[in-house]
Amino acid sequence: MENAQSSRILITGATGNVGSEVVKYLSGKGIPFRAMVRSLDKAAKLPGAEYVTGDFNDPNSLEKALTGIDKAFLLTNSSELAEEQQLRFVDAAVESGVKHIVKLSQWAANVNSPVRFLRYHAVVEQAIENSGIAFTFLRPNLFMQGLLGFKDSIIAQGQFFGAIGEAKVSLIDSRDIAAAAGEALIQSGHDNKIYNLTGPEALSHAQLAEKFSTALGRPVRFVDVPPAALRDMLLYVGFPEWQADGLIEDYAHYALGEAADVAQGFYEATGLQPRSFDDFGRDYAGFFSGK
């Protein structure tokens with residue numbers, strides 16, 4: 001495939017969990033890019049990066065960030081404003097002459113889904129398609145790194161929680177999501193493609209706990225809880241109400257077995273095999289050491 005190093009690339013959400021990995025991926029490949037951040041203080045100054053401040057709620061700042069850009073990676077914080085913000089970005093991209101948008105979407109995005117996250121992602125996907133800009137939609141399943149949010153309970157109590165029962169989910173490592181995004185931005189051949197991104201196997205949360213126990217060298221247990229109890233926990237640790245309710249909807253979707261398929265999207269996007277949960281456990285074991 002033809003290399004697109006000469007393209008001007010913009011990364012939004014550049015300091016978040018996935019966006020920061022996309023930035024690392026491009027920098028590691030020697031690809032120059034522009035990263036849009038809310039504050040320059042939080043930006044990791046990496047080789048090849050030009051940092052600009054931007055705000056999804058400010059069309060003028062989007063226009064400035066998109067000036068001279070050919071390809072853009074679209075990612076916002078998960079909030080009740082996400083749909084509006086991303087649609088505003090699409091409008092600004094059209095005005096700026098952007099040729100290709102790589103959007104971080106979600107597994108099973110559908111305008112008729114009972115899950116708010118899946119509805120808004122589908123609405124934005126539709127807007128990008130209607131805009132005439134070439135697109136690549138990345139639809140990852142549950143992130144392995146989402147379990148990092150249980151750091152304190154895993155360290156202190158040796159347990160983590162969910163409202164999912166024995167249903168299996170084909171989780172994916174966020175570093176692999178970033179690699180798929182990076183390749184779609186760097187190489188040609190990804191126009192108007194949808195990549196369903198999963199790990200190599202579907203696992204129940206009890207199986208995740210077993211693998212965690214092996215990686216950490218001490219027992220880790222999964223505790224299944226009712227949705228209302230999980231919601232209370234999420235609110236207690238600081239999740240906004242809209243996002244907590246959305247995560248409960250996500251878990252209801254997972255509990256029905258609707259996220260158990262293993263897809264080949266990562267291989268299609270990169271030519272590589274995705275990381276396993278065993279890989280994730282080994283790589284992040286130190287994070288759960290409590291030191």
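None of these values were measured; they are calculated from a predicted model.
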Look at the rings of [X] and [Y] and say which category their plane angle falls in: under 30° parallel, 30 to 60° tilted, over 60° perpendicular.
X: Phe160; Y: Phe222; result: tilted
X: Phe135; Y: Phe137; result: parallel
X: His190; Y: Tyr195; result: perpendicular
X: Trp242; Y: Tyr120; result: tilted

Sub-4.5 Å side-chain heavy-atom contact between [X] and [Y]:
X: Asp91; Y: Phe89; value: no
X: Thr53; Y: Ser39; value: no
X: Asp176; Y: Leu197; value: no
X: Asp55; Y: Leu62; value: no
X: Tyr284; Y: Leu147; value: no
X: Phe280; Y: Gln145; value: yes
X: Leu203; Y: Val169; value: no
X: Val52; Y: Lys64; value: no

Regarding [X] and [Y], is there a side-chain donor-to-acceptor distance under 3.5 Å anywhere?
X: Gln86; Y: Thr76; value: yes
X: Glu183; Y: Thr270; value: no
X: Asp250; Y: Gln106; value: yes

Is it the case that the side chain of [X] and the backbone of [Y] share a donor-acceptor pair, with hydrogens and angles ignored and the cut-off at 3.5 Å?
X: Arg119; Y: Asn110; value: no
X: Ser61; Y: Asp58; value: yes
X: Asp173; Y: Pro274; value: no
X: Lys71; Y: Ile9; value: no
X: Ser170; Y: Asp261; value: yes

- Message: Could you check whether Phe212 and Phe288 have their ring centres less than 6.0 Å apart?
- Response: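 Yes, they do, as the ring centres are separated by less than 6.0 Å.
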Inspect the contact between [Y] and [X] and indicate whether a charged nitrogen and a carboxylate oxygen are less than 4.0 angstrom apart.
X: Glu21; Y: Arg175; answer: no
X: Arg116; Y: Glu80; answer: no
X: Lys103; Y: Glu125; answer: no
X: Arg8; Y: Asp70; answer: no

- Message: Consider side-chain contact (heavy atoms from CB on, under 4.5 Å). Of Asn130, Val98, Ile128, which one does Val90 pass it with?
- Response: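 For Val90, the side-chain contact (heavy atoms from CB on, under 4.5 Å) check succeeds only for Ile128.
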- Query: Of all heavy-atom pairs between Ala202 and Ala260, which one has the smallest distance, and what is that distance?
  - Reply: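 Closest approach of Ala202 to Ala260, heavy atoms only: CB-O, 3.2 Å.
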- Message: If you compare all heavy atoms of Ala72 against all heavy atoms of Leu66, which two are closest, and at what distance to 0.1 Å?
- Response: CB-CD2, 4.5 Å
- Where do Phe33 and Phe73 land on the ring-ring contact (aromatic ring centres under 6.0 Å, His included) test, with the steps shown first? CA-CA 11 Å; Phe33 62 92; Phe73 176 67; over 10 Å; no
I'd like to know whether [atom1] of [X] has more than 12 heavy-atom contacts from other residues, nucleotides or ligands below 6.0 angstrom.
X: Asp279; atom1: CG; result: yes
X: Arg88; atom1: CZ; result: yes
X: Glu63; atom1: CD; result: no
X: Asn57; atom1: CG; result: yes
X: Phe161; atom1: CZ; result: yes

- Trp107, Leu256: one ILVMFWY side-chain cluster at the under-4.5 Å cut-off?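 No, no single cluster joins them.
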